[in-house]
Structures are given as C-alpha cells and as structure tokens.
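Have a look at the structure below before the remarks.
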Amino acid sequence: MNVSIYIETSFKGPSTRRAAGAWIVECITSDGIPNTRGGLIYADRTTENDLALRLIEKAFSILNKMCCVVVFTECGHVLRTMQNHWLAQWRKNGWINAKGKLIRNAEQWNRCADLFEHHMTEWTDRWHTYRLEMQRRIRVELELEHTADYEEIVVKEWNTPKRRKEREDYV
C-alpha cells in the first residue's frame, strides 16, 4: 500500500517556544479516492524537532500493515537524519552521535525507529497540496486558549469533497 504522510510545524529552528503542528496520513483507495486521517498537536514549550517527531510518531502509529511511505516535512534535522541514515547508526551506538554525545529526543527517535522498521520510507521537503491548509489550521490553533501542554486535536475535515477536488486539480 502506498501512503503519504504530511508534517507541518508552526516554526523552524532549535529555539523553544509555544507551537502547534499538523499531521495527515493519506492513502489512495483502489478507486483513486484519497482517504485521510490527521490531527494537530499543540505544545506550550517545544522545539521544532520535538514537535516534528511527535507528529511523525502519531502519523506512523495509525499504520497497521506494511506500507511504502513518502514523508513530507520541512524539518531539516529530521530530513538529514533520515536521508543520511543516521538513525540506524545512533541506535546501534546506544543513541550516541558521531561526536560522542547523547542525541536529543533519543526516546522519541527510538519509538519512531520502532515504527519505521515495518515500512519502506522516503523523506522529502517537496511542496505538497495540503501545506497551505495545514499552515492555516496551525495558525488558528495557536490563537486558541489551551488547557494542557501537548494537547492533541483530531481534524476530521481533511478528507472532504472540496479537498478531493483540489487534489484532482493539482494532479
């Protein structure tokens, strides 16, 4: 099964701040209709890498059989890690990097590595048709009051007739 996972965060860089991010998992059914699931995660204080890994973990956790997965993300650290195959080396070295230091977010990377094992993955920062809508939803989420750090929000309207029409127009 071919799956696309889309990850967007509200900011770039290593600083810690209030942020939100979105994830979408899209499978194209046998009749060519995209079927999506997705959501948002709000965090009071997080980094881009931490938030991106949480989003990726959430997206991969819903896959229940082996898939060929293309992951779209602009998180540079995640892209470099996956494209340069650092993850396998970190795991082999007990989550120690080439400089001899414990990597940041080692627990999250370990959980993600467990999830990735069951899939063929490709990682890219190419533009995708969900990007603008995801960024808009993230901006709206940041304007709302939240009661908990790392609050998860389910988004049901990613897969709508309007969205399917937009995708058909793009393809």
Side-chain angles (χ1 to χ4, degrees), residues 1-10 12 19-41 43 46-98 102-131 133-135 137-138 150 152-160 163-164 166-168 170-171:
M1 178 181 294
N2 293 319
V3 172
S4 295
I5 293 178
Y6 306 94
I7 304 296
E8 292 291 328
T9 59
S10 61
K12 306 292 178 239
W23 64 274
I24 295 176
V25 175
E26 176 185 67
C27 302
I28 306 299
T29 63
S30 58
D31 53 0
I33 296 173
N35 184 13
T36 62
R37 286 182 56 192
L40 294 136
I41 295 177
T46 189
T47 63
E48 178 193 16
N49 295 342
D50 176 62
L51 184 57
L53 286 170
R54 286 175 188 270
L55 295 162
I56 291 166
E57 183 180 1
K58 182 62 182 171
F60 270 89
S61 71
I62 70 167
L63 301 178
N64 55 17
K65 59 182 166 181
M66 192 179 113
C67 303
C68 293
V69 182
V70 178
V71 181
F72 294 80
T73 180
E74 291 183 302
C75 181
H77 180 61
V78 169
L79 280 171
R80 284 187 304 279
T81 297
M82 298 311 295
Q83 290 173 341
N84 294 322
H85 309 287
W86 296 340
L87 188 61
Q89 192 62 44
W90 290 345
R91 195 175 217 186
K92 181 180 167 188
N93 294 343
W95 302 105
I96 303 297
N97 66 18
L102 181 66
I103 66 157
R104 290 185 182 165
N105 304 313
E107 275 187 39
Q108 284 177 283
W109 277 114
N110 191 40
R111 288 191 306 269
C112 286
D114 289 342
L115 293 167
F116 301 159
E117 283 180 347
H118 308 292
H119 308 286
M120 297 290 295
T121 61
E122 175 187 343
W123 298 79
T124 182
D125 61 353
R126 292 188 317 257
W127 190 88
H128 57 82
T129 60
Y130 287 105
R131 181 163 288 150
E133 177 61 17
M134 291 172 82
Q135 289 172 347
R137 287 299 303 262
I138 289 168
Y150 291 107
E152 189 174 323
I153 301 106
V154 175
V155 178
K156 295 182 179 174
E157 58 273 8
W158 292 131
N159 195 25
T160 64
R163 171 64 196 120
R164 288 192 294 271
E166 289 171 356
R167 187 178 186 289
E168 288 168 8
Y170 177 74
V171 175

Side chain to side chain contact (heavy atoms under 4.5 Å, CB included) between Lys92 and Gln89: does it pass, once the steps are laid out?
-> CA-CA 5 Å; Lys92 181 180 167 188; Gln89 192 62 44; 4.1 Å; yes
List the atom of Ala22, the atom of Ile138, and the distance in Å for their closest heavy-atom pair.
-> N-CD1, 3.7 Å
Any donor-acceptor pair under 3.5 Å from His119 side chain to Thr121 backbone = no
Intermediate values then yes/no, side chain to side chain contact (heavy atoms under 4.5 Å, CB included), Ile24 and Met134 | CA-CA 9 Å; Ile24 295 176; Met134 291 172 82; 3.8 Å; yes
Between Trp90 and the options Leu102, Ile96, Asn97, the side chain to side chain contact (heavy atoms under 4.5 Å, CB included) test singles out Asn97
Keeping the roles fixed (side chain from Thr9, backbone from Gly21), state whether a donor-acceptor pair exists under 3.5 Å.
-> no
Return the minimal non-hydrogen interatomic distance between Leu87 and Phe116, and the atom names on each side.
-> CD2-CD1, 3.7 Å
Nearest heavy-atom contact between Arg126 and Glu122 is NH1-OE2, 3.5 Å
In terms of side-chain geometry, is the basic nitrogen of Glu133 or Arg137 positioned less than 4.0 Å from the acidic oxygen of its partner?
-> no
Inspect the surroundings of CD in Glu117 and state if more than 12 heavy atoms from other residues, nucleotides or ligands are less than 6.0 Å away.
-> yes
Exercise: identify the closest heavy-atom pair between Ile56 and Cys112 | CG2-SG, 4.3 Å
Between Arg91 and Asn110 the two heavy atoms that sit nearest each other are NH2-OD1, 3.2 Å
Only distances under 3.5 Å count here; give the side-chain donor-acceptor pairs of residues 59-78 to other protein atoms, sequence neighbours excluded, each with its distance to 0.1 Å.
residue	atom	partner	partner atom	Å
Ser61	OG	Glu57	O	3.4
Ser61	OG	Lys58	O	2.7
Thr73	OG1	Cys75	N	3.1

